[in-house]
Number of protein chains: 2
Amino acid sequence: MSKPIPDIVIGRLPIYLRELSFLADEGVPVTSSHELGKRLGISAAQIRKDLSHFGEFGKQGTGYKVSYLQEQLRRILKVDHEWPVALVGVGDLGRALAHYAGFVNRGFRIVALFDDDPNKIGQRIGDLEISSTDRLAAVVQERGIIVAMIAVPAASAPRVAEACLAAGIRAILNYAPITLKVPEGVLVQYIDPVTHLQRMTHYL
Amino acid sequence: MSKPIPDIVIGRLPIYLRELSFLADEGVPVTSSHELGKRLGISAAQIRKDLSHFGEFGKQGTGYKVSYLQEQLRRILKVDHEWPVALVGVGDLGRALAHYAGFVNRGFRIVALFDDDPNKIGQRIGDLEISSTDRLAAVVQERGIIVAMIAVPAASAPRVAEACLAAGIRAILNYAPITLKVPEGVLVQYIDPVTHLQRMTHYL
DNA sequence: TAGATTGTTAATCGATTAACAATC
DNA sequence: TAGATTGTTAATCGATTAACAATC
């Protein structure tokens, strides 16, 4: 029985993967825990330790082949294929997310848009038409979507989250500035710019 | 000599403060570490321990007066006044941030917009006019701004961050999907939706 | 070979939890 | 008073770092 992988380790892998993409873009074929650590502000020992939870990806004396380590991290994070994502809430932020080109190369594609506002329903953003939130369960189930982004006002977020859960969504990226109540096994990540700002001001 | 406050504790205080606002909105005058913990999915012991770093804010047998604990957390986080914030990058995301009404009640106000695009310079968003990024240092210094949000493409972010540092910015909320190099003493928080999504997919 | 870097172990460091005296 | 909850201590748990044998 293998030891469980700490959450905090999983949390760093996307950062490693992102930096490896930059190295690849720069044409660097091989890197080391020291180089990666220096670029990310993380200790080399930590990077090696983190990776060692999943296997042996480097060569002594040489380091890590960038393309191979990318492949392995994509596999571990399960972004070696594209996840279809539902976006609920097409206000200013939702629109910005819908237009954002940075999802596709990194394992995600927004494939469905939902909003409650009757004036928005039927509007198109790029290839996608905005549907009523009432249609969430039907669309999500039909298309096999299990990842959702919530970009609705705080007041609507608990109801929208419930709808997502009922529809079978298992991972939520929540932009509403509230803590969601979800059952065991459902994953939630939070993005609230104000809490991020407030984490810094104490030190100023 | 008092023990230093762990960063991780500071990181939780904004969440406590946010939840206290909801309790206040609900008209709850007094809460407890258990109630707060239950709502946030955090242990009561941890909340008490976190708060104990800063003083004694509760009453045995009773709990914490919501309004008083809010005041204290605002003071500790230094959001008992409003920080003027510079926003650099007025693309889709920057526009969404510029329109977002949620900053003001929580200690922040965007007071200056910057972009490199000559077509955008001079345009207005609400009360604010978009200035050339060349004017960053002048405006930031004139208005005493030390907090900035960066919402430019990844390729522009290092240069923009340098400009912020040169202008005297000391805390950066970075939406560009790259790790910034900043000197000791400058604070950075990162928001990259893709890394947040990638933290969840491993478990799916 | 000589130099470099991995993967891993053990030591250190820090954070969380459990328990409880104090006390409202 | 009886019940409840804090603030704090000590124990537990987990994460990070340092060091180094293995080896490319």
**Request:** Give the nucleotide from the list C:dG7, D:dT16, D:dT8 with an atom nearest to the side chain of B:R48.
**Result:** D:dT8

**Request:** Under a 3.5 Å limit for both distances, which nucleotide forms a Watson-Crick or G-U wobble pair with C:dT23, could you say?
**Result:** D:dA4

**Prompt:** OP1, OP2 of C:dC24 versus side-chain N and O of B:Y64: anything below 4.0 Å?
**Reply:** no

**Message:** When you measure from the side-chain N and O atoms of B:S43 to the phosphate of C:dT16, is any distance below 4.0 Å, counting only OP1 and OP2?
**Reply:** no

**Request:** For B:I42 and C:dA15, give me the distance from atom CD1 to atom P, rounded to whole Å.
**Result:** 15 Å

**Message:** With a 4.0 Å cutoff (strictly under), does any side-chain N or O of B:Q46 reach OP1 or OP2 of C:dT16?
**Reply:** yes

**Request:** Taking only Lys NZ, Arg NE, NH1 and NH2, and the carboxylate oxygens of Asp or Glu, determine whether B:D116 and B:R159 approach each other closer than 4.0 Å.
**Result:** yes

**Request:** Indicate yes or no for a side-chain donor-acceptor contact from B:D7 to the backbone of B:G11 under 3.5 Å, with no hydrogens or angles considered.
**Result:** no

**Message:** So if I take every side-chain heavy atom of A:K59 and compare against D:dC24, D:dT16, C:dA15, which nucleotide ends up nearest?
**Reply:** D:dC24

**Request:** Provide, to the nearest angstrom, the distance between the CZ atom belonging to A:F54 and the P atom belonging to C:dT8.
**Result:** 13 Å

**Fill in**
note: B:L36, atom CG; D:dG7, atom P; distance rounded to Å ~ 13 Å

**Request:** Only one of A:K120, A:R135, A:R124 passes salt bridge (charged side-chain N to carboxylate O under 4.0 Å, His left out) with A:E129; say which it is.
**Result:** A:R124

**Message:** I need the CZ-C1' distance between A:F57 and C:dT5, as an integer number of Å.
**Reply:** 17 Å

**Request:** Can you tell me the distance, in whole Å, between the NE2 atom of A:H53 and the C1' atom of D:dA15?
**Result:** 9 Å

**Prompt:** To the side chain of B:Q60, which of D:dA19, D:dT6, C:dT5 is closest?
**Reply:** D:dT6

**Item:** Closest to side chain of B:S32, choosing from D:dT8, D:dA15, D:dT6
**Value:** D:dT6

**Request:** Look at B:R12 and C:dA15 and indicate whether a side-chain polar atom (N or O) is within less than 4.0 Å of OP1 or OP2.
**Result:** no

**Prompt:** B:D50 CG to D:dT6 P: how many Å, rounded?
**Reply:** 13 Å

**Message:** With a 4.0 Å limit, can you tell me whether B:S33 has a side-chain N or O closer than that to the phosphate oxygens OP1/OP2 of D:dT6?
**Reply:** yes

**Request:** Grab the CD1-P distance between B:I10 and C:dA15 for me, whole Å please.
**Result:** 12 Å

**Complete:** To the nearest angstrom, the NZ-C1' distance between A:K49 and D:dA19 comes to 14 Å

**Message:** Could you tell me the Watson-Crick or G-U partner of C:dT9, where both distances fall under 3.5 Å? Say none if there is no partner.
**Reply:** D:dA18

**Fill in**
Scanning both residues in full, the closest heavy-atom pair of B:Y16 with B:D50 reads OH-OD2, 2.6 Å

**Prompt:** Checking salt bridge (Lys or Arg N to Asp or Glu O under 4.0 Å) for the pair A:D192/B:R106: CA distance, chi angles, key distance, verdict?
**Reply:** CA-CA 12 Å; A:D192 175 0; B:R106 299 170 68 196; 2.9 Å; yes

